[in-house]
Structure formats: structure tokens, C-alpha cells
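Worksheet for the structure shown next.
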Amino acid sequence: MLNEKNVQLGKVRSSIRELFEYGKKLKAEIGEENVYDFSLGNPSVPAPKEVKDALYDLIQNGDPVFLHGYTSAQGDYNVRKTIADFTNSRFSTSLTADNIYMTCGAAASIAITLNAILNAGDEVITFAPFFPEYKVFCEHAGGKLVAVESEENTFQIDFVKLEKALNKKTKAVIINSPNNPSGVVYSEKTVSRLAEVLKEFCKKSGNTVYLISDEPYRELVFDGVKVPYIMNYYDSGIVCYSYSKSLSLPGERIGYIAVNNKMAEAAEVYAGICGAGRALGYVCAPNLFQQLVSMVCGKTSDISIYKKNRDLLCSALKEYGYTVVKPDGAFYLFVKALEGDAKAFAERAKKYNLLIVAGDDFGCKGYVRIAYCVSTQMIKKSLPAFKELAESYK
Ligand code: PLP
């Protein structure tokens, strides 16, 4: 008998993937240029020139045996040290190579971290709307994901609801700022208050609650907005970073986990991460790309294109009567559906060849997500379809 839970997971696609597959079929039928595919968070902006140069340099001048070989299970020492030093210079932390674990992207970072810290029955709080895979990773690690609703309209943390959700089973809180799917960035005030609430709770309850910051979109912020670094606010902080979006490298599967060395049990947590990585088979992240990311610290793809798309789409949708919270980061818009049932709304959108994802899977009913990491030309071409969709409700 197979593991039925995993068989089911393998059979049922996420609604995002389902829509993406539908889009592929539709494109084959009516032509790529006629489908307005906003389903997937796949960057459309190419990796920066520095990535190409570094890759070329590695391939031309590097030792192929080393580049294509195994590294230490937790990642190459020099790469980890470079990332730790870069993080220290940027955020005034004092991390060492032994606080960094190289991974295959943020997904692996989160899965490893949860497996490292959770025991059966532990609860992990996150804030809706949230990345749907958190539930899968959490349950696989034996835990339970508890989704706390965010403040209506702003999608900022609702602290009253958070305080109600905290209990003796709470082992971790996951934040994701800039957020997928809302694009919202938590301000310094929000992060400091969150840290204070968790510290107070830990003091009263005797629990240790880890604050996991899922950061694939850290560099994707507009208009000079700052993303506070959690380690500067909370000792038991773990950062799950990825280069998938910041360097437009989602297919290369590269990221890392950083454990705050200010937490009392940092060495134990790091050992747990190494152990979970080992148990899950997530060891020796691809070395070619470990080396590459250490050569381009601080570089990002050209995000001005995403900002242009955001501005264009936000103002057009508002004009057509949609309710939109203008996001400060990432490349998603979370828009109120024009009927109560967001799934029915997303289904109706398909008639106009608009592929948008219902918010239900993100734990937030009544909204749809538009991934605007597409070409600006596609956004412009799609606007009449958004207008017609809105008019069909009048
Ligand atoms: N976390 C969030 C919020 C995401 O949106 C994604 C991918 O879209 C991931 C994690 C997974 O990122 P990666 O591709 O680096 O594994």
C-alpha cells in the first residue's frame, strides 16, 4: 500500500498550476498572443547582465570538476561566508558561514526549516492571504498551519486576531513580505510590533516561537519602500531566502536559510536544519549556482518593468471599477472579485481569455490574484478584456 496522502498530493494540482496548464492548451488553440496569462509568478524580466557574465566566467575559467561536483551538504564554505558577510554589511547582523544553509530555493528552505523545528501537533501561524504550499510543507513536517486573517483592505497583520491564535502549541510564525499574493510589505512599525507580541507571548508562556521570514520577493519593492530585516527585531528569527525572483532564476533552484546567531540555541537549530536537509535529501544545492550567486551579491533584475506594469494595471483596473490595494512590492495584484464567489469570477474571466487565480487557495475568499510579471505589451493588450469583464457585471 502506498502513502495515500502523498498519492493524493501528487494527483491534485494547485489551482495555479491547473490554470497554467489550461493556459498552455488555450495558447495552442488560439495563439499565445491572444491569451492573457496572469497565472504564474514566473519572472518575465531576464536575469541581470552580471549573472550572464558570472556564468560565462565560471564556465570559461572555473574547474569543471569542482563546479559540477558535490559541496559540503550545507553548501560550499566560501559561498556561505560570502553570503553571511554580505548580509552583515547590509543589515548589521553578525552571521557566520555556519548560520547559512544553501538550498534549492525558498520552497526547500521552508520545508527544511519546518522539518527542523516541528514536532507532531505543533502549530504554525501565518497570515491570510498566504502562499498555499505552506500548508503542504507544514503538514508534511507533522504540524498544523493556522491561518490568521489579515486586516481587511490593507492586508496588514491583525494583532488582535494574532494574539487570539497564539497558544501553547504555537511553534512558529511565518511571514512573507513583500507578500504573494497581496504584494503588501510590512512596515517597520508592523515588524517591531510583531516582534514585541511574540517576545511577550514567549515570556509569559515559556514557549520559544520561531519567526520564519519567507523572502523570495525581498528585492522587489518600489518607490524606495524598505523591507525590515527580522533578525534586527527578533532573536529567534530564521530567514528563508531565494534568488528565484530577485535574479530571475526560478529554474536554477537556488536559495538559502539563515539562522539568527543571536538566538540562544542557534547551533542546535542549525544542526536541526542540517538534519532535516539530510533526511529530506536536500543536500549540496547545485554548486554552479552556489558559486554564481556568491559572485553577484546585491545585484537584482530590472524591477522598473514590474513597477511600470503595476502602475498601468492598477490605474486601469480602478478606472473600470475594480477595488485594488496598490501593492508596494512583489509582482502580484490582489483584486476584489466582482461577485462573492471568486472561483466563479475567475471562471467568467476565462471567457475573455484572462487567466487569473481565485484567492481561495491563498486562504482568502472573494479575491483574485493577478501575476503581472508579464510583458508590458501583454498588460496593455489585456486591458480591454478586463474592461469587458467588469462591464459584464453591470
Ligand atoms: N514562497 C513564496 C511566497 C513564493 O511565492 C514562492 C514561489 O513563488 C516560494 C516561496 C517558492 O520559491 P522558490 O521558487 O524559490 O522555491
Side-chain angles (χ1 to χ4, degrees), residues 13-20 37-45 47 51 75 83 101-115 124-138 140-141 145 147 150 155 172-186 211-221 227 230 238-258 277 280-282 285-286 289-290 292-293 300-301 303 306 327-334 357 359 361-364 369-374:
R13 279 201 206 111
S14 76
S15 57
I16 303 171
R17 289 274 159 195
E18 199 70 63
L19 193 63
F20 177 65
D37 186 353
F38 296 100
S39 62
L40 213 59
N42 210 5
S44 61
V45 174
V51 164
I83 290 173
Y101 187 100
M102 300 307 294
T103 64
C104 292
S109 301
I110 303 159
I112 293 171
T113 302
L114 291 174
N115 274 277
V124 177
I125 291 176
T126 198
F127 303 97
F130 60 89
F131 182 55
E133 296 303 284
Y134 292 163
K135 190 166 185 290
V136 177
F137 301 148
C138 202
H140 184 262
L145 189 74
S150 299
F155 298 117
V173 171
I174 306 180
I175 58 168
N176 169 225
S177 163
N179 182 268
N180 173 10
S182 71
V184 161
V185 177
Y186 291 156
L211 179 56
I212 301 170
S213 184
D214 175 23
E215 305 197 345
Y217 303 97
R218 161 167 289 280
E219 329 301 342
L220 274 63
V221 279
V227 184
I230 53 147
I238 301 173
V239 170
C240 292
Y241 189 85
S242 164
Y243 297 91
S244 295
K245 321 283 171 162
S246 60
L247 289 177
S248 305
L249 295 175
E252 307 303 348
R253 313 308 300 135
I254 192 79
Y256 64 83
I257 302 166
L280 293 166
Y282 280 144
F289 277 84
Q290 286 193 46
L292 183 135
V293 295
T300 43
S301 298
I303 63 164
Y306 299 138
D328 286 322
F331 41 46
Y332 306 105
L333 278 192
F334 209 46
V357 183
D361 280 3
F362 299 94
C364 195
R369 186 190 80 168
I370 302 173
Y372 61 80
C373 46
V374 296

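One-based numbering, in listed order, for ligands and for the atoms of each.
From the protein, the heavy atom lying nearest to atom 6 (C) of ligand 1 is Phe131 CZ, 3.5 Å. At the top of the distance list for atom 7 (C) of ligand 1, counting protein heavy atoms only, stands Lys245 NZ, 3.5 Å. The protein heavy-atom contact nearest to atom 11 (C) of ligand 1 is Ala107 N, 3.7 Å. Protein heavy atom at the shortest distance from atom 12 (O) of ligand 1 is Ala106 CB, 3.6 Å.
Numbered from 1 in the order shown, with element, the atoms of ligand 1 that lie under 4.0 Å from a heavy atom of Gly105 read 15 (O), 16 (O). Within ligand 1, counting atoms from 1 as listed, the ones closer than 4.0 Å to a heavy atom of Arg253 are 13 (P), 14 (O), 16 (O). Residue contact check: Asn176 has heavy atoms under 4.0 Å from atoms 3 (C) of ligand 1. Of all atoms in ligand 1, numbered sequentially from 1 with element shown, those under 4.0 Å from a heavy atom of Asn180 are 3 (C), 4 (C), 5 (O).
In the candidate list Phe137, Tyr217, Phe130, Tyr217 is nearest to atom 5 (O) of ligand 1, counting heavy atoms. One option in Asp214, Ile254, Ile16 has a heavy atom closer to atom 3 (C) of ligand 1 than any other, and that option is Asp214.
At distances below 3.5 Å, at least one donor-acceptor pair connects side-chain atoms of Lys245 with backbone N or O atoms of Gly41. In this structure, Glu215 contributes its side chain and Val239 its backbone to no donor-acceptor pair below 3.5 Å. Under the 3.5 Å distance criterion, the side-chain polar atoms of Asn179 are left unmatched by any main-chain donor or acceptor of Val184. A distance-only check finds a donor-acceptor pair linking the side chain of Arg218 to the backbone of Val227 [under 3.5 Å].
Tyr241 has its side chain out of reach of Thr103: every pair of non-hydrogen atoms, C-beta onward, lies at least 4.5 Å apart.
At least one heavy atom of Pro216 sits closer than 4.0 Å to an atom of ligand 1. Heavy atoms of Glu133 stay at 4.0 angstrom or farther from ligand 1.
Considering backbone and side-chain atoms alike, Ser244 places an N or O below 3.5 Å from some N or O of ligand 1. Geometrically, ligand 1 and Ser242 share a nitrogen or oxygen pair separated by less than 3.5 Å.
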Donor-acceptor pairs under 3.5 angstrom involving side-chain atoms of residues 247-258: please list them, not counting sequence neighbours.
| from | atom 1 | to | atom 2 | distance (Å) |
| --- | --- | --- | --- | --- |
| Ser248 | OG | Val45 | O | 2.7 |
| Ser248 | OG | Ser301 | OG | 2.7 |
| Arg253 | NH1 | Pro250 | O | 2.9 |
| Arg253 | NH2 | Cys104 | O | 3.4 |

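For Glu18, the salt bridge (charged side-chain N to carboxylate O under 4.0 Å, His left out) partners two or more places apart in sequence, or in a different chain, are Arg13.
Checked against the 6.0 Å centroid threshold, Phe289 and Tyr243 do not count as a close aromatic pair. For Phe155 and Phe127, the ring centers are positioned 6.0 Å apart or more.
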